[in-house]
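Take a look at the structure set out below.
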2 protein chains.
Amino acid sequence: MSQSFSLDPVEVALSPLQRFEEYLQSRGMRMTKPQRLLIEHVFSRHDHFDADTLMDQLKGEVGEIGRIGRATVYRTLNKFVEAGLLRSFTLDGRAVYEHDYGYPQHDHLHCTKCQRLFEFQSEELLTLRDAVAREHRFRVTGHRFIISGICDECQRNRRREKRKHDMI
Amino acid sequence: MSQSFSLDPVEVALSPLQRFEEYLQSRGMRMTKPQRLLIEHVFSRHDHFDADTLMDQLKGEVGEIGRIGRATVYRTLNKFVEAGLLRSFTLDGRAVYEHDYGYPQHDHLHCTKCQRLFEFQSEELLTLRDAVAREHRFRVTGHRFIISGICDECQRNRRREKRKHDMI
DNA sequence: ATCATTGCAAAAGATTTGCAAGGTC
DNA sequence: GACCTTGCAAATCTTTTGCAATGAT
């Protein structure tokens with residue numbers, strides 16, 4: 001799962017870790033090493049990822065902890081979403097996660113060739129969404145907008161492939 | 001999976017069945033009883049459904065065929081999508097299907113309380129989508145826009161529930 | 001007579017859950 | 001010490017696949 005940097009972080013008072021600690025305390029839950037490691041890893045760079053990718057990356061990290069089990073990863077990601085740290089959506093049957101806390105609202109362009117996700121912001125979209133909702137007397141809680149297609153780079157590559165093919 | 005009627009069918013030359021037969025013939029595939037039964041059932045009313053719901057409904061139908069296996073349902077639904085008869089998207093981890101052939105492009109409002117899907121059309125959304133794509137040099141192949149929230153009816157019910165609760 | 005389709009069961013892929021053991025407050 | 005969290009394995013859920021039997025052209 002690849003990424004694209006395009007939107008700037010929003011000013012926030014607390015670090016993700018601090019915010020999570022607050023969340024845990026307010027619910028009588030406990031901070032642990034696996035959770036801390038996951039939060040640090042996940043917020044060390046802004047990208048999109050799924051549970052499996054994350055598992056793989058964690059294997060790479062010379063764990064101060066021997067190993068983080070798959071179940072723990074899933075359980076912790078769910079907590080992060082619950083805590084408002086991450087947002088998740090489904091892409092091709094698997095859950096994809098991205099930063100929520102400290103990042104502005106945005107939507108996605110999905111390249112069906114290279115599978116990369118690109119972000120964009122549109123105030124207009126929110127206006128449209130709210131107008132539609134109002135018309136239908138809906139109380140909006142959120143939305144999901146994904147534009148799919150072929151990204152610029154993949155279009156170029158295809159043209160190149162095509163030329164190569166034409167020459168044969 | 002419930003439905004809402006709001007958009008009018010588009011004029012089409014061929015019936016879904018005829019269109020499917022054309023599709024099959026063009027690929028050397030064969031028309032069978034299960035497929036015909038499924039196409040008739042699915043196009044007998046305009047609603048959203050998932051594979052499981054469909055299976056359940058089929059059990060009800062006094063089958064001229066003894067039974068349609070789960071695998072056949074899945075395989076046939078995929079063919080329908082491939083043939084352009086149905087469109088599918090994912091909701092809470094499962095595939096949801098709806099009519100495509102003979103129905104205008106539209107997007108959805110999803111009530112997270114009663115799980116119903118409501119349809120709406122917005123030319124403006126398409127314009128916005130294409131503008132965003134152009135900015136990113138994306139070649140658009142499609143999009144997915146789902147507004148989630150609470151529908152009018154469920155809001156009323158909640159208010160009623162709340163009143164009842166307040167009285168106790 | 002071909003060869004696509006079916007039904008069943010098994011497989012696959014993603015995520016969740018039960019439970020004993022370990023860690024945190 | 002109470003009880004939340006972990007890791008592992010088993011379970012779940014949805015969808016796909018292998019295969020022998022059946023059916024369409």
Side-chain angles (χ1 to χ4, degrees), chain A residues 1 17 20-41 48-59 61 63-83 86 88-97 115, chain B residues 1 17 20-41 48-59 61 63-83 86 88-97 115:
Chain A
M1 203 60 57
L17 186 61
F20 190 55
E21 282 174 332
E22 238 181 28
Y23 168 82
L24 291 177
Q25 280 174 17
S26 75
R27 311 229 174 179
M29 299 165 112
R30 294 164 187 182
M31 174 58 88
T32 63
K33 275 176 191 156
Q35 289 178 155
R36 196 173 349 248
L37 191 150
L38 277 169
I39 221 170
E40 276 163 10
H41 179 96
H48 303 89
F49 61 92
D50 57 27
D52 236 43
T53 307
L54 182 53
M55 293 281 296
D56 284 349
Q57 294 173 352
L58 289 174
K59 259 182 243 162
E61 303 248 318
E64 16 169 351
I65 308 168
R67 164 163 306 291
I68 299 188
R70 187 185 313 281
T72 301
V73 169
Y74 276 104
R75 279 187 286 230
T76 306
L77 287 176
N78 285 340
K79 279 189 194 174
F80 288 173
V81 170
E82 183 62 36
L86 297 181
S88 85
F89 53 100
T90 304
L91 208 58
D92 298 321
R94 54 165 78 41
V96 176
Y97 299 85
Q115 301 302 314
Chain B
M1 202 61 57
L17 186 62
F20 190 55
E21 282 174 332
E22 239 182 29
Y23 167 82
L24 291 176
Q25 279 174 16
S26 73
R27 310 228 175 178
M29 298 164 112
R30 293 163 189 182
M31 175 58 89
T32 64
K33 274 177 192 155
Q35 290 177 156
R36 193 170 355 244
L37 192 150
L38 277 168
I39 220 168
E40 276 162 11
H41 179 97
H48 303 90
F49 61 93
D50 58 29
D52 235 42
T53 307
L54 182 54
M55 292 281 295
D56 283 349
Q57 294 173 352
L58 289 173
K59 259 182 242 163
E61 304 249 317
E64 15 169 352
I65 309 169
R67 163 166 303 292
I68 300 189
R70 186 186 312 284
T72 300
V73 169
Y74 276 103
R75 279 185 289 229
T76 305
L77 287 176
N78 285 339
K79 277 189 195 173
F80 288 173
V81 170
E82 183 63 35
L86 296 181
S88 85
F89 53 99
T90 304
L91 208 58
D92 296 324
R94 54 164 77 43
V96 175
Y97 299 85
Q115 302 301 316

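Lettering of chains follows the sequences in order, A, B, ..., and the numbering in each one begins at 1. Basis for what follows: all heavy atoms, side chains included, without hydrogens, waters or symmetry-related copies.
- Side-chain contact between A:Leu91 and A:His48: absent, with no pair of heavy atoms (C-beta onward) separated by less than 4.5 Å.
- Separating the CG atom of A:Leu38 from the C1' atom of D:dT5 is a distance of 13 Å, rounded to the nearest angstrom.
- In this structure, the side chains of B:Leu86 and B:Phe49 come closer than 4.5 Å at one or more pairs of heavy atoms.
- Put simply, the side chain of A:Leu38 does not reach to within 4.5 Å of the side chain of A:Leu77, judged on heavy atoms.
- Inspection of the B:Asp50 and B:Thr53 side chains reveals an N or O donor paired with an N or O acceptor under 3.5 Å.
- Between the CD atom of B:Glu82 and the P atom of D:dT15 there is a distance of 17 Å, rounded to whole Å.
- Between A:Arg67 and A:Leu58 the shortest side-chain heavy-atom distance does not fall below 4.5 Å.
- Inter-residue side-chain proximity for B:Asp52 and B:Arg70 is flagged as met; some heavy-atom pair is nearer than 4.5 Å.
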Would you list the protein and nucleotides 23-25 of chain D atom pairs, both N or O, that sit under 3.5 Å from each other?
{"from": "D:dG23", "atom 1": "N2", "to": "B:Arg30", "atom 2": "NH1", "distance (Å)": "2.6"}
{"from": "D:dA24", "atom 1": "O3'", "to": "B:Met31", "atom 2": "O", "distance (Å)": "3.4"}
{"from": "D:dA24", "atom 1": "N3", "to": "B:Arg30", "atom 2": "NH1", "distance (Å)": "3.1"}

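- With a 4.5 Å cut-off on side-chain heavy atoms, B:Gln35 and B:Glu21 do not count as touching.
- Spacing between atom CZ of B:Arg75 and atom P of D:dT14 amounts to 19 Å, rounded to whole angstrom units.
- A straight line from NZ of B:Lys79 to P of D:dT17 spans 14 Å, rounded to a whole angstrom.
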Protein and nucleotides 13-15 of chain C: nitrogen or oxygen contacts under 3.5 angstrom:
{"from": "C:dA14", "atom 1": "OP1", "to": "A:Arg94", "atom 2": "NH2", "distance (Å)": "2.7"}
{"from": "C:dT15", "atom 1": "OP1", "to": "A:Ala95", "atom 2": "N", "distance (Å)": "2.7"}
{"from": "C:dT15", "atom 1": "OP2", "to": "A:Tyr74", "atom 2": "OH", "distance (Å)": "2.6"}

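- To the nearest angstrom, C1' of D:dC4 lies 12 Å from CZ of A:Phe20.
- Put simply, CE on B:Met55 is 14 Å from C1' on D:dT16, counting in whole angstrom units.
- A distance of 4.5 Å separates CG of A:Leu17 from CE of A:Met31, quoted to the nearest 0.5 Å.
- Residues A:Arg27 and A:Glu82 have side chains in contact (heavy-atom distance under 4.5 Å, counting atoms from C-beta outward).
- Between B:Asp56 atom CG and D:dC13 atom P there is a gap of 14 Å when expressed in whole angstrom units.
- Distance B:Ile68 CD1 to C:dC8 P: 11 Å, rounded to the nearest Å.
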